[in-house]
Amino acid sequence: MTDLRFRTYTGVSKVVGPLMVLDGVEGIGYGEIAEITLPGGEVRIGQVLETTTTRAMVQVFRGTRDLDTEKTQVRFRGEPMKISLSSDMLGRTFDGSARPIDGGGPVIPECIRDIYGSPINPAAREHPRDSIQTGISSIDGMNTLVRGQKLPIFSGAGLPHNLLASQIARQAKVTGQAEKFAVVFAAMGITYEESAFFIREFEESGALERTVLFLNLADDPAIERIITPRLALTTAEYLAFDKGMHVLVVLTDLTNYCEALREIAAAREEVPGRRGYPGYIYTDLASLYERAGRIRGREGSITQIPILTMPDDDITHPVPDLTGYITEGQIVLSRDLHRKGIYPPVDVLPCLSRLMQGGIGPGRTRADHAEVKNQLYSAYARGIRLKSLVAVMGEEGLTSLDRLYIRFCDRFENDFIRQASYEDRSFDDTLTLAWDLLSILPKAELKRISPDFIKMYYHGEEILECKGP
Amino acid sequence: MRVGKAMEKRKHDEKDTMGEKNGVIIRVTGPVVEAEGMAGSRMYESVRVGNAGLIGEIIILEGDRATIQVYEETIGVTPGEPVVRTYLPLSVELGPGLIGTMYDGIQRPLEEILKNNGDMIERGSSAPALDRTKKYRFYPLAKSGDTVREGDRIGCVRESVSVNHYILIPPGLSGTLHFIAEQGEYVITDTIAILDTGEEKKELTMIQRWPVRDPRPVRERLDPIEPLLTGQRIIDTLFPLARGGTAAIPGPFGSGKTVVQQQLAKWVNAEIIIYIGCGERGNEMADVLEQFPTLKDPRTGHALSSRMVLIANTSNMPVAAREASVYTGITIAEYYRDMGYHVALMADSTSRWAEAMREISGRLEEMPGEEGYPAYLSSRLADFYERAGRVSLLGSGDHEGSISVIGAVSPPGGDFSEPVTQNTLRIVKVFWALDADLAYQRHFPAINWLMSYSLYSPIAGIWWEEHIGPDFIRMKQEMMEILQRENELEEIIRLVGPETLPESDRLLLLKAEILRESYLMQYAFDEFDTFTGPKKQYRMLKAIFTFFSQAERALETGISVSRLRGLPVIESFARMGTASPEEEDPLFESIARDTDAIRDLKEVL
């Protein structure tokens, strides 16, 4: 039976969108890889999506243009998609199907792996605890990133998510530790300019030689985006768990990835779910995002920063929505702050880092970190609420305490959130800044901070009298 | 009802008359496989698919053809490969050794798989669900010659420091004990009793099998009569759950569903905890695994993991196994209930389970119902939640057990009008609505007090008044009124501004603020705030409401609300939750003194 698998077939019976159907085949396995030779001699790769005793449906990664039903030849490899891996991949650039596009030769494999991987046994996982200092206050102070976490950036068209991602990649470090560090970058349908920006950034910061790039640009075939992130993540797993490196994976833009999934679902005439996306999109995204983490007894780690642009800035759109349910929090960028000229325009209220709790505190960042964060959140939320009141009825109705909260809110945005794209603040800098801001408020308002810390760090004055307006 | 017995008998008969008969795969699409040559197989029969022997279950039969959902990744499965029948429905193995173990959705022990197969779960990995080599000390609870019936306790082993595991006569069997093992060390596969049923002499071991999709039988279902205390103030006081009750926690992502579920798992006063991580994050399960064995239960002083079973089918593990995970969990829960335990089951999240149904339904090209979910969504949800309840058990004696189910729901976009939330709400009796706005302000638990409800409030109220304090119901009602009124006032402020409010309304806002920030808000990661027992809850309420009545009196004598707001006692309220048992008395005494001192405030002219 197995030898049948390597038989070459001609005679494609149907081509629709990114899919082609072959009849009269035999013994084709689900998920196996097909090499498709076009009449012009070009070879493309495809994958079996559905197989019956005599028929196979194949998705063609670099598109079905120029396929014909007479001369096109298809050879089935009898195995799922694999990638050749080597630590020499660091510093190299590949296309979305892992072919070198930097003029260098092919990778001499140290090992070959299935790109779909296998799920990490939950019993093998180590709970991530090493906090990463990104040097960005709105992240370090409010939503600390931890090694092994997957923390996406929810952005919108035209917002500086690329600048932020490159700043994180450049500045990220675990304090007091010098370890092997690598970046794996996977572009899915971003423009040439955006990708050039990243490459330049990596080059300038000297990170390029520790970076592996997989580029599927906007004019590359959309269906290839299905495999690009999996190639990147398989590489990252190899570097992290075989070579003991701490790997930061930047995936951009997941919205394009989901569009590609939707395209295939539509071509297969599947029952559409919300906004036409297929019903299995949660499971599919999880198979990417869950490939982050740490494994007990192994050196390395995979930290993921997926970037996605929310269509119409809508956080309830299926792509950000499902992502938020899988990832360990999210960094949300705001158009309002961006318009005010604040970089990075991180809207801290809807942001979250679920692994922060284990990564901060004494011995990691600082003992007061958790309480300071909670207090900043509640004070900023209150300031924002008051500002929306002021917008309706002016400042007259405000008490003097309310005014302090508004002052806090403004300074929080201008001093704490705002920073330069090359400004690298330590955890200590960030927390000191936080206490400067909290000291605007009267001591009695700091209900979420224990008296000991207030005694240690608070340096404001009791300027508020107990009198009403 | 007597499924187990019937299936076993049938397996016997068919194997004898027909011999092993295999089907052949004719189509593969994702987790769904079709095979022919399957005549004679039954719905929901468990099968082994392909050369790799992947575990699957028959979900459609049509003539000679069967459609099978496969619980493992199907990449590489090829038409022409065999499908081997097992003649049994998808079942779990029940017996000593469940406690403290982490399983995937189809009861494969993950620690064992880790030892055998390495860090990744490879296809076709398997290991017996229960450890066959571990010896347990067996204490017989019956003698030979005794007449026993289904559900009777015939023996007991100590499964963990917290759990006595009773060996029961399996449902469907009764007769005379022909033999029972003496006290001693046995492995679970040893014969510990021989039952003479009249037809045959049946050897019993400590293992039972039970099909996951069938509820285990009980004698009678009973109404819940007491609250299930959780140590979470907003839940116990305002929206209580009952022993044997059902609750849903819907909320958008980031609103703290998982933290609430974990808090409940840690602190709920049930004897056995079943925690199902259904399609959730791997790192979270790692956290649970790391935390729960070290976490001391305040009642027994033992680790939580000594009375807990964990089921982890993370989002990247096969989707069909995710669909099965809630059934696996509830069947294990029923097994412990049958021993007379109070069991609490947390399912995080039922939406992922519903999505697994949708995904498989989509692959079957079924006619979709609302939002692509299959039309049987609501009946499946109902079937699941109906397996909760307080019951009177089979067997002689008047034993009682209960299962309380708490299901998290993850509505897309936080929109509660979606089908999973709505269908769940039609069944459950308690609704804890999580609110993104509260979460953004870091008000946790982010349970919205205006939207949530509990139909067990009357039952719980009676219990509180009988056991804790006589004016509980009055304070609780007043609390709800204050919070409701605050909401109305905020509408007014939004329209006309705060300066027009009369002093009495300002006082109400102050009251609401104290209730929200010092009582309803509870910090899960604080050593002491994480759990508040009923006595302390009552004490806190009492302190707050005493202050309220003093404040009202002061207002009448012309003291302004902003003066009251500046009193040090307000700050003390915020420290009530985090106070350690030693700090508690001095703190409450100082609050009482400060509250008393309000009497002496003089009007400032």
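Note: hydrogens, waters and symmetry copies are ignored here, and every other heavy atom, side chains too, is used. Numbered from 1 within each chain, the chains take letters A, B, ... in sequence-line order.
- Within a 6.0 Å radius of CZ in A:R268, other residues, nucleotides and ligands contribute more than 12 heavy atoms.
- Of the possible donor and acceptor atoms, one in the side chain of B:R281 sits under 3.5 Å from a partner among the backbone N and O of A:T327.
- Checking B:E359, B:R352, B:E355 one by one against A:T283, the side-chain hydrogen bond (donor to acceptor under 3.5 Å, both in side chains) holds for a single residue, B:E359.
- Judged by distance alone, with hydrogens and angles left aside, the side-chain atoms of A:Y30 form a donor-acceptor pair with the main-chain N or O of B:G30 at under 3.5 Å.
- With respect to the salt-bridge test (charged N to carboxylate O, under 4.0 angstrom), the residues B:E290 and A:R129 qualify.
- Both the backbone and the side chain of A:I120 come within contact range of chain B, each with at least one heavy atom under 4.5 Å from a heavy atom of that chain.
- Judged by distance alone, the side chain of A:N121 and the main-chain N or O of B:L110 form a donor-acceptor pair under 3.5 Å.
- Considering all non-hydrogen atoms of both residues, B:T314 and A:P122 come closest at CG2-CG, 3.9 Å.
- Across all their heavy atoms, A:P119 and B:N316 have their closest contact at CB-ND2, 3.6 Å.
- With sequence neighbours excluded, no residue forms a ring pair (Phe, Tyr, Trp, His ring centres under 6.0 Å) with A:F241.
- The contact between B:P412 and chain A is made by backbone and side chain atoms together, counting heavy-atom distances below 4.5 Å.
- Here the OH atom belonging to A:Y282 is positioned 7.0 Å from the OG atom belonging to B:S410, to the nearest 0.5 angstrom.
- One N or O on the side chain of B:N283 and one on the backbone of A:G148 form a donor-acceptor pair closer than 3.5 Å.
- The main-chain N or O of A:S118 is never found under 3.5 Å from a side-chain atom of B:E73 such that the two would form a donor-acceptor pair.
- For the pair A:Y289 (side chain) and B:S315 (backbone), a donor-acceptor distance under 3.5 Å is absent.
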